[in-house]
Amino acid sequence: MLARLFPHPLLSLTLLMIWFGLVNRVSLGHLLLGGFLGIVLPILTEPYWPGRPKLRSPLRMAAYVAMVMWDIVVANIEVARIILFMKPEAIQSQWVTVPLDLKSPEAITVLAGTITMTPGTISAMLSADARCILVHCLHVDDPAATRDEIKNRYEKRLMGIFA
């Protein structure tokens with residue numbers, strides 16, 4: 001019974017937290033509405049989830065989120081520095097192709113989201129076979145180093161998080 005009411009409990013909790021973040025207020029009404037959305041949306045979308053993403057370690061996921069939040073802060077400062085102090089002709093925007101070792105669609109989605117949420121980079125396209133992701137970078141001196149940094153800093157950690 002509980003599994004039918006909460007087919008994806010982490011999604012339910014995430015939706016509730018997102019709701020609180022959107023309304024920026026905690027009250028009984030918002031708790032009820034956020035709870036309602038957290039229950040109904042996963043039930044309605046369950047047929048589209050062929051399998052649940054399997055996390056090896058929720059603690060690693062928490063550490064990953066903390067690291068990404070730190071990277072977002074650092075990247076904001078770096079982008080501000082580029083925009084404010086670099087001459088436009090010195091900015092070297094580049095497309096970087098990142099080959100993927102990840103197989104899980106959920107892990108690939110988290111990687112693409114991480115890249116996009118980090119200022120100065122955006123994941124633009126996933127290859128049809130899901131083996132490469134195309135990333136646009138605001139300023140890159142060495143595309144190979146950027147590719148390696150994405151693989152070592154993010155992809156390797158995600159491989160340890162998702163089964």
For residues 72-100, please give each side-chain donor-acceptor pair under 3.5 Å, one per line with the distance, not counting sequence neighbours.
unit_1, atom_1, unit_2, atom_2, d
Asn76, ND2, Ile72, O, 2.9
Glu78, OE1, Arg81, NE, 3.4
Glu78, OE2, Arg81, NE, 3.4
Glu78, OE2, Arg81, NH2, 2.5
Ser93, OG, Leu138, O, 2.8

Check whether Leu134 and Ile108 end up in the same hydrophobic cluster, where Ile, Leu, Val, Met, Phe, Trp and Tyr are linked by side-chain heavy atoms less than 4.5 Å apart.
no
Connected via hydrophobic side-chain network under 4.5 Å: Ile18 and Leu11:
no
After noting the C-alpha distance and the side-chain angles of Lys156 and Asp101, does the key distance pass the salt bridge (Lys or Arg N to Asp or Glu O under 4.0 Å) rule?
CA-CA 9 Å; Lys156 190 180 288 185; Asp101 296 321; over 6 Å; no
Any idea which heavy atoms bring Gly35 and Leu16 closest together, and the distance?
N-CD1, 3.5 Å
Stepwise side chain to side chain contact (heavy atoms under 4.5 Å, CB included) check, Phe162 with Met61
CA-CA 9 Å; Phe162 287 91; Met61 183 58 130; 4.0 Å; yes
Could you check if a side-chain atom of [X] sits within less than 4.5 angstrom of a side-chain atom of [Y], using non-hydrogen atoms only?
X      : Y      : answer
Phe20  : Met17  : yes
His30  : Arg25  : yes
Val68  : Tyr154 : yes
Leu158 : Leu102 : yes

Rounded to the nearest 0.5 Å, how far does [atom2] of [Y] lie from [atom1] of [X]?
X      : Y      : atom1 : atom2 : value
Asn24  : Trp19  : CG    : CH2   : 12.5 Å
Arg147 : Glu155 : CZ    : CD    : 11.5 Å
Cys137 : Glu149 : SG    : CD    : 9.5 Å
Arg153 : Thr146 : CZ    : OG1   : 13.0 Å

Candidate list Arg56, Glu106, Arg60, test side chain to side chain contact (heavy atoms under 4.5 Å, CB included), partner Ile161, passing option:
Arg60
Test Leu37 against Leu15 for side chain to side chain contact (heavy atoms under 4.5 Å, CB included), laying out the working first.
CA-CA 7 Å; Leu37 292 172; Leu15 289 170; 5.5 Å; no
Using atom types as modelled, flag every donor-acceptor pair under 3.5 Å from a side chain in residues 115-132 to any protein atom, sequence neighbours excluded.
unit_1, atom_1, unit_2, atom_2, d
Thr116, OG1, Ala112, O, 3.0
Thr116, OG1, Ser123, N, 3.2
Thr116, OG1, Ser123, OG, 2.7
Thr118, OG1, Thr114, O, 2.7
Thr121, OG1, Ile115, O, 2.6
Thr121, OG1, Thr118, O, 3.0
Ser123, OG, Ala112, O, 3.0
Ser127, OG, Asp129, OD1, 2.6
Ser127, OG, Ala130, N, 3.4
Ser127, OG, Arg131, N, 3.1
Ser127, OG, Cys132, N, 3.1
Ser127, OG, Cys132, O, 3.4
Asp129, OD1, Arg131, N, 3.1

